[in-house]
2 protein chains.
Amino acid sequence: MQVYTTPKLNKVKVTSDFWKRYRELVVKEVLPYQWKVMNDEADISISEDPQNNGQDKNSHAIANLKIAAGQMKGHHYGFPFQDTDVYKWLEAAAYSFGYHPNPDLKKITDNLIDLIADAQEDDGYLSTYFQIDAPERKFKRLQQSHELYTMGHYIEAGVAYHHETGNEKALEIAKRMADCIDKNFGLEEGKIHGYDGHPEIELALSRLYEETGEKRYLDLAHYFLNQRGQDPAFFEKQIKADGDSADRDLIAGMRDFPREYYLAAEPIKDQKVPHGHAVRVVYLCTGMAYVARYTGDKDLLAACDRFWNDIVKRQMYITGNIGQTTTGEAFTYDYDLPNDTDYGETCASVGMSFFARQMLNIHAKGEYGDVLEKELFNGALSGMALDGKHFFYVNPLEADPKASKGNPGKSHVLTHRADWFGCACCPANLARLIASVDEYLYTVNGDTILSHQFISNEAEFDDGLKIVQTNHFPWSGDIHYEIENPNDKSFKLGIRIPSWSANFDLEVNGQAKDLPVEDGFIYIDVDDKSLTIDLKLDMGVKFMRASNRVSDDFDKVAIQRGPVVYAAEEVDNQAPLSLYQVTPSDQVDYHFDEKLLDGVGVVKVAAQRQKIDDDNAPLYVDATQPVETESADLTLVPYYSWANRENGQMRVWLNK
Amino acid sequence: MQVYTTPKLNKVKVTSDFWKRYRELVVKEVLPYQWKVMNDEADISISEDPQNNGQDKNSHAIANLKIAAGQMKGHHYGFPFQDTDVYKWLEAAAYSFGYHPNPDLKKITDNLIDLIADAQEDDGYLSTYFQIDAPERKFKRLQQSHELYTMGHYIEAGVAYHHETGNEKALEIAKRMADCIDKNFGLEEGKIHGYDGHPEIELALSRLYEETGEKRYLDLAHYFLNQRGQDPAFFEKQIKADGDSADRDLIAGMRDFPREYYLAAEPIKDQKVPHGHAVRVVYLCTGMAYVARYTGDKDLLAACDRFWNDIVKRQMYITGNIGQTTTGEAFTYDYDLPNDTDYGETCASVGMSFFARQMLNIHAKGEYGDVLEKELFNGALSGMALDGKHFFYVNPLEADPKASKGNPGKSHVLTHRADWFGCACCPANLARLIASVDEYLYTVNGDTILSHQFISNEAEFDDGLKIVQTNHFPWSGDIHYEIENPNDKSFKLGIRIPSWSANFDLEVNGQAKDLPVEDGFIYIDVDDKSLTIDLKLDMGVKFMRASNRVSDDFDKVAIQRGPVVYAAEEVDNQAPLSLYQVTPSDQVDYHFDEKLLDGVGVVKVAAQRQKIDDDNAPLYVDATQPVETESADLTLVPYYSWANRENGQMRVWLNK
């Protein structure tokens, strides 16, 4: 019997041209830009941000920390969770040191750790809004306070910073925060038997457990998950005790959302489908997946599976975007996927990537890799302009500047990326995902290494084991692996066969090989000193349709090539785009244009375009009379790259 | 040369079965029900009204008048314009006396006139909110106060009541109100150089001018129209002077709408297209059409033509509904006609009927009759259930109970008619239209009588001239006229050829006749003692499409027969309705079902229904794979009659 080893992954170096460009952009543009913004030194406008919620000033995020640290005088400004902009930025910076050492930036971040340490209270508490302007209200209005959410984001940043740089102070702050939370929350008498309105602390404590091995942190995460919804009236009771008046609300209007919105109407194990705020849902799910894996809690695992299934099979746009409505940035209901009023928050796609990554740790199923890939190349990536300095909060699948301006039901849909946002959760969230994408390429489960993403990289494991993946993905589907295994270890390499590539060719050491696809993976036994694998994925342009339960996409098609979903933009075509009717066929033109949009694959599909009706013609006419049409190609570019040129219409779902 | 007479219309008796049913319903159900509601004696719930704006109590409308009259103690309750519910009801009652004398009701209405007279102040002012709770703020916040709107509605009621019953007191109240307004508004020094936020007074004063011949009232109406927008900052200045704080707003949030919303951003003559609140627009247009006709003001006439053209050709649903967005109950922009987030307020369709009627007085164009007919048989009529006791405020063209419940962007769309509304403008507005439909059948312009509606009636003119129209419209298109002209007068009879009936047959005195259609009318010279006319309209079932500028209706069809637009309901078909793809063809089944929905024509069209995709299938699949379909008829009922049975999906625009 074969004795398998358990490989340990040490380091992944991303060599993909596509991702190196984005990762260097994070270093050169995104991080410096966001640092200036948070220090109120950038010349930005957030007035056009449809989510600005009345915020019309700068970020003030660093100033809030300085005031809390006693280094400045003044009041808190911004949302109660304004601190998290800093923490997510810090986390992104930490990851960037792993691939791009940067002593100048490191000075800034080391100093920032000092500032955060100074702002932290003796008992570990840190949430600048409460420290500065409402110290008597700490932990008293958790539905809205985001205190644990805020500290959770620091904990993530502290873990990452410690992990990348070895800075002990960064980890110490995180541990003191967690200890503070542990002291205040739990089932014991005298503690708050509650939890935060916005999940995050659960996944953060899990990461702290991973970094420190301290089981108390995992137990605390587990407590928060189990306690959720046990007393459905918990938030209302707290609000009543804290002063019921709406004037005392920390975020106006938040009290109006029902308990379901906060995932607090019943214990998680009883919740059939995810409700409410999309980011809350996927952060919660990520925390559940961590804790389920470490504790074996079957109820949590079942909830993960249930929520995953509902989101992915019934509430996810083809781009991976989730959260259909602007009202509360929330899920609506199964198969309700309107394209032009979609919310599809960038943060929700980032969070979905977290969830997918954690699910891969639990089940070796290709669908998690599929969704992760979908987010990386579409729904999440769309959140940032190619210049790294403009951002989408909302990611629509159909947009029209006239509609965004003229129909209030679409006013949340920007047709160009904004400088910044009043609620600036998305930009740094996406930055930390891009900067840590190396951590999303492999999953090691026992004797099996799953290679589930086709992002060129060099991965080093222990015992000298090395996997080098080379490709020009997502433009090419030719995936080449070179494996060095100098110590003749035996293990399995699982390679994901994406759902978009039913057909594929495989060669191992130059020999064609026919392997079965098991739950989305093929498995290759490795025990030789070296091995080459060549996988050819099906990069044909695909005409996709939605389940016919989705009435908004009925009789429409979307174009996909590899993992990349395509969009038609007005700048490449003749508006209105609704007049094109595409003809699914094999005769599709694809070419890579290295000059366009920093290098993208461009798709041209055959279409008929209706002659536009006269502006003064009757609005309703006999439908049996023929309408004049002409042949016209429709040009499409990757969805993630839209809105980087002239402002105009865009649509993913095309008329047939 | 023929010498033509100018016929004078004395009386129209509606004999149409279809309309008699509705008009008797007004007498038997609608008026008694609404009277009980306004007296807070009905067992109703307005909690489910998505427009309830926090109103959760009863109407209080009569109580407000009693308090203002000193007959009761208490505070005002409801909107500042709560009085108008009473006035519109009174106006409907007045019309009903013309076709259904009703001494019991007459006692109530006479007493109501007395109550209103008691509530009126010595100087003619009457708006109970200000009298009871804010006497110092009269006319000081006109953007929101609705004072002139409120008094305008009384003036309309007073004119109608006087006209129908000869009650002088009713007219006296109206005149005193108008005098009060005249004393307070105008260009003279010391008067307010302003106007109401909600147009209505302009059309009301025009009607008062018609009833009294007092030119001062016409001049005052003209003043309001000319003054509108002359100082675009008028409302803001008033608000500043009245106390800028939002706490002092009369209706929360109304200050946030831009000047365009109030049709106050520039003088009317400079406004290119109508903006803002749909009801405001059509009330303003109605007033403009009155005043343009009586004064010859070419700027106002041009504005009427311009606004009409934009609404009808670019912003009207096929049902006649207008106002595309719930935000401010407003127009959005040209060709933006979403079906499932539509607002389409019943009042806006009622107001559009007013506008159409007045335009017929100006131009003898069939399109005004077409639109009036569209409203009468579809968009306006849909506002009331067949029982006369349930009402739609919002009239969608596509509805799904799941969507109304689950997607906040559609929460304004009820899928069943409500008992009543916090803002209860629609029920009595529709009642007064139905009760006065006899006034909408003929337009006399000089020597020409236009018969523009096919609603059976007997019309008496002076000199013994009588026109009797007999038909079973809208179910049959056979229209029979008998004309008695005992004094051999000479005049022209114009009969509208509806735009939906390009083909028609005409016989005059049994002889086929071929007459040209001029601007939507055929003209018959009448000078014999008697004449019969038989017109056969094309009642074929029509498959209609929208201009392809309307992206929401692209590649969709709607079914129309005669003026009646059809809707598919879940109760007659298999949900989801989106799976049906209809096939335009001549083979359409139509039958009249006298038992269904109080008697309706039912249409069945051939369709293919897609087999519904599995609930657990992937959400996105290869579009080139065939989808299983089966033949299935789609059954449709008249749009106005939907939502009178089981709650379920409905759609007007069908997939092809």
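Throughout, a chain's letter reflects where its sequence line sits, starting with A, and its residues are numbered from 1. Only this structure's heavy atoms are used, side chains among them; waters, hydrogens and symmetry mates stay out.
Contact of A:A546 with chain B is made through backbone and side chain together, with heavy-atom distances under 4.5 Å. Contact annotation for A:A403: both backbone and side-chain heavy atoms come within less than 4.5 Å of a heavy atom of chain B. At a 4.5 Å heavy-atom cutoff, the contact between B:V621 and chain A is made by backbone and side-chain atoms alike. Contact annotation for B:P576: neither backbone nor side-chain heavy atoms come within less than 4.5 Å of a heavy atom of chain A. In this structure, the portion of B:V627 lying under 4.5 Å from any heavy atom of chain A is its side chain and not its backbone. Contact annotation for A:T325: only side-chain heavy atoms (C-beta onward) come within less than 4.5 Å of a heavy atom of chain B. Contact of B:F554 with chain A is made through the side chain alone, with heavy-atom distances under 4.5 Å. Interface residue A:D622: backbone and side-chain heavy atoms are both found under 4.5 Å from chain B. When heavy atoms are compared at a cutoff of 4.5 Å, B:L337 approaches chain A solely by way of its side chain, counted from C-beta outward.
Remark: the backbone N or O of B:T332 is not paired with any side-chain donor or acceptor of A:N407 at under 3.5 angstrom. Counting only distance, with no hydrogens or angles, the side chain of B:R545 and the backbone of A:Y620 share no donor-acceptor pair below 3.5 Å. With hydrogens and angles ignored, the 3.5 Å screen pairs no side-chain donor or acceptor of B:R549 with any backbone N or O of A:I612. Judged by distance alone, the side chain of A:K313 and the main-chain N or O of B:L619 form no donor-acceptor pair under 3.5 Å.
Across every non-hydrogen atom of B:L579 and A:N548, the tightest pair is CD2-O, 3.3 Å. Residues B:N616 and A:N309 approach most closely at OD1-ND2, 3.2 Å, considering heavy atoms.
More than 12 heavy atoms of other residues, nucleotides or ligands lie within 6.0 Å of NZ in B:K556, so this atom counts as buried by the packing criterion. When the shell of 6.0 Å around CD of B:E630 is examined, it contains more than 12 heavy atoms from other residues, nucleotides or ligands.
Contacts with chain B were tallied for A:W500, A:Y317, A:F331; A:Y317 has the most, counting heavy-atom pairs under 4.5 Å. Of the listed residues (B:M316, B:Q560, B:K542, B:Q315), the one with the most heavy-atom contacts under 4.5 Å to chain A is B:M316. Of all the listed residues (A:D613, A:I318, A:D553, A:D614), the one sharing the greatest number of non-hydrogen pairs under 4.5 Å with chain B is A:D613.
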Output, in order, the C-alpha distance, side-chain angles, deciding distance and verdict of side chain to side chain contact (heavy atoms under 4.5 Å, CB included) for A:Q581 and B:D555.
CA-CA 10 Å; A:Q581 294 180 277; B:D555 214 29; 3.9 Å; yes
Go through the steps to decide whether A:Y333 and B:K405 satisfy the test side chain to side chain contact (heavy atoms under 4.5 Å, CB included), and finish with yes or no.
CA-CA 9 Å; A:Y333 60 97; B:K405 182 168 178 277; over 6 Å; no
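Summarising the geometry, atom CG belonging to B:D340 is positioned 9.0 Å from atom CG belonging to A:D336; distances are rounded to the nearest 0.5 Å. For the atom pair CG (B:D552) and OG (A:S578), the distance works out to 9.0 Å, reported to the nearest 0.5 Å.
Between B:T624 and A:M544 the shortest side-chain heavy-atom distance does not fall below 4.5 Å.
With no hydrogens or angles considered, a side-chain donor-acceptor pair links B:D615 and A:Y335 at under 3.5 Å.
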